[in-house]
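First up is the structure itself, then whatever we jot down about it.
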Amino acid sequence: MATIKDVAKLAQVGVGTVSRCLAGKGGVSAKAEQKVSEAMQQLNYRPNSLARALSTQRSNIIGVWLPSLSGPFYQHILQAIEFELRLHDKHLIIANAEEANSNEEYLQHLDYLINRDCDGVLMVCPEIAISDLLIAQANYPPLVFINHSTDLLSKQSFSVDHYAGGCLAANSLLALGHKNIACISGRLSAQDAQQRQQGFVDELARQGRPINPELCIEGSFDFATSQFAVQQLLDKQLPFDALFCGSDKVALVALSILQGAGIKVPQQVSVLGYDDVDFAAVASPPLSTIAIPIKQMATAASRQVLNLAYDLTLTIPSVSEPRFIARASSQASPYLKVKEG
């Protein structure tokens, strides 16, 4: 296997010149650079990533901090990040904070990434306090946040307009004529869950259909908690003709439990999810949902962390608005059909 010394010998330049060419630091004439390039091709030389990192004082690694590795939402984010980093010959290390129970424990996972010499870090962090994010960012500038928005870090935070998504969910169900609408949110300590829930409740009130607080259940986005939340809603024995779920994962659980309880979807209850992940279109029945641009959001954040860590000027794509996807789990309520008739 060819070495950097072999390249220097064939190109008739010093090892330092080859090293500067690999590092892209400049200070090399065009003629010398051409000779090095031709020698590398002739020898089929592939730069050693560790040696290149030592010469540039960069690891070419981006850390990714996640609150969980379960569920399609985080999988979509990881896919978008990995694709974008690979385009620029960068790699990733993941810190999974699923077992953390406090801001302090969350931030210990950030320390894990920093201590491994990551050139930058992406954090999917809807539940970390903004004050802690500001401290982290001040101490570690190449830090970019996904699914978290704050005006104080507007150039380093990328999120979806979840409030608008909640409003859209409310309007979509009201347009179908539903009168008694229930909802199961995510943990309201998470910024994204709180925003979509607030938008949903506010829009119902603006349209003169304020939600019955008894029909609002705070849940989470894991299967066990979702099952408990849906059953808790049924145990109240209050009538509802539509159900908005804070994620498609919760909605999938709701479809199963409602139909298992003899409640027909959508004939008796329309079910609406949120995210539009892969399984939404193949659920039974296919799930109506609020689609959000998950991969677009992750791509924008990935390009920004690359810009900050490596002095690049990649174009940052704008993040689209949420949109309603109508499928078979929702339909016009009997009340609307009677009214139109």
Side-chain angles (χ1 to χ4, degrees), residues 64-87 92 94 96 98 122 124-126 146-148 158-162 164-166 168-169 172-173 183-187 190 192-193 195-196 200 219-227 229-230 242-260 265-266 269-303 317-331:
V64 180
W65 187 104
L66 289 165
S68 173
L69 289 176
S70 64
F73 179 81
Y74 297 115
Q75 292 167 12
H76 285 316
I77 286 178
L78 271 177
Q79 287 170 357
I81 293 172
E82 196 274 336
F83 178 81
E84 195 65 32
L85 296 187
R86 186 157 34 87
L87 285 178
L92 61 85
I94 297 172
N96 177 17
E98 194 156 8
L122 291 162
V124 186
C125 52
I146 300 176
N147 204 32
H148 195 292
F158 295 84
S159 187
V160 175
D161 190 343
H162 292 294
L168 181 59
S172 299
L173 292 175
C183 65
I184 298 175
S185 71
R187 285 195 301 269
D192 58 340
Q195 288 175 340
R196 80 191 60 161
F200 182 73
S220 183
F221 296 149
D222 62 86
F223 283 115
T225 307
S226 299
Q227 289 173 330
V230 177
L243 172 62
F244 170 51
C245 299
S247 79
D248 291 341
K249 195 172 180 180
V250 178
L252 183 67
V253 172
L255 289 176
S256 176
I257 293 179
L258 289 173
Q259 293 177 115
V265 178
V269 174
S270 286
V271 175
L272 177 64
Y274 192 96
D275 287 335
D276 195 29
V277 296
D278 294 342
F279 64 70
V282 294
S284 182
L287 183 64
S288 295
T289 189
I290 303 299
I292 63 170
I294 301 172
K295 291 188 176 181
Q296 199 176 67
M297 173 177 64
T299 296
S302 299
R303 290 187 183 179
S318 58
V319 180
S320 303
E321 292 290 316
R323 56 195 179 91
F324 172 60
I325 304 294
R327 297 192 181 102
S329 71
S330 64
Q331 69 174 28

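As the structure is a computational prediction, the values presented were derived from the model and not from experiment.
Taken from CZ in F244 to CG in L173, the straight-line distance is 8.0 Å, to the nearest 0.5 Å. To the nearest 0.5 angstrom, M297 atom CE is 13.5 Å from S318 atom OG. Note that CD1 of I94 is 11.0 Å distant from CG of L122, once rounded to the nearest 0.5 Å. Here CZ of F200 is found 9.5 Å from CD1 of I290. Values are rounded to the nearest 0.5 Å. Taking CG from D275 and OG1 from T289, the interatomic distance works out to 6.5 Å, rounded to the nearest 0.5 Å. In this structure, the separation between OG on S220 and NZ on K249 is 8.5 Å, given to the nearest 0.5 Å.
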Please list, one pair per line, the donor and acceptor atoms closer than 3.5 Å that link side chains of residues 71-83 to other protein atoms, with sequence neighbours excluded.
| unit_1 | atom_1 | unit_2 | atom_2 | d |
| --- | --- | --- | --- | --- |
| H76 | NE2 | D278 | OD1 | 3.4 |
| Q79 | OE1 | K295 | NZ | 3.4 |
| E82 | OE1 | R86 | NE | 3.4 |
| E82 | OE1 | R86 | NH2 | 3.1 |
| E82 | OE2 | R86 | NE | 2.9 |

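For S159 against V319, the heavy-atom pair with the smallest separation is O-CG1, 3.8 Å. Scanning all heavy atoms of the two residues, the minimum distance from N96 to S68 falls at OD1-CA, 3.5 Å. Heavy atoms only, all atoms of each residue included: L243 and A254 are closest at CD2-CB, 3.8 Å. The minimum heavy-atom distance between A328 and P266, with the atom names listed, is O-CG, 3.2 Å. A pairwise comparison of heavy atoms in L287 and A251 identifies CD2-CB, 3.6 Å as the closest pair. Scanning both residues, I292 and P322, for their nearest heavy atoms gives CG2-CB, 4.2 Å.
Scanning for side-chain hydrogen bond (donor to acceptor under 3.5 Å, both in side chains) contacts around S330 gives S288, with sequence neighbours left out. Among residues two or more places apart in sequence or in another chain, the salt bridge (Lys or Arg N to Asp or Glu O under 4.0 Å) test is passed with D276 by R327. Here H162 pairs with Y274 under the ring-ring contact (aromatic ring centres under 6.0 Å, His included) rule; sequence neighbours left out. By the salt bridge (Lys or Arg N to Asp or Glu O under 4.0 Å) test, D248 is found to be paired with no residue, residues two or more places apart in sequence or in another chain being considered. Remark: Q227 pairs with no residue by the side-chain hydrogen bond (donor to acceptor under 3.5 Å, both in side chains) rule, at least two apart or across chains.
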Check the pair L87, E84 against side chain to side chain contact (heavy atoms under 4.5 Å, CB included), reporting the backbone distance first and the verdict last. CA-CA 5 Å; L87 285 178; E84 195 65 32; 4.1 Å; yes

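S329 places no side-chain N or O within donor-acceptor distance of the main-chain N or O of P285, the cut-off being under 3.5 Å. Between the side chain of E321 and the backbone N or O of A164, no donor-acceptor pair lies under 3.5 Å. No donor-acceptor pair under 3.5 Å is formed between the side chain of R303 and the backbone N or O of P317. Proximity of a side-chain donor or acceptor of E98 to a complementary backbone N or O of S70 within less than 3.5 Å is not detected.
Using a 4.5 Å heavy-atom threshold, the side chains of P293 and V160 count as touching.
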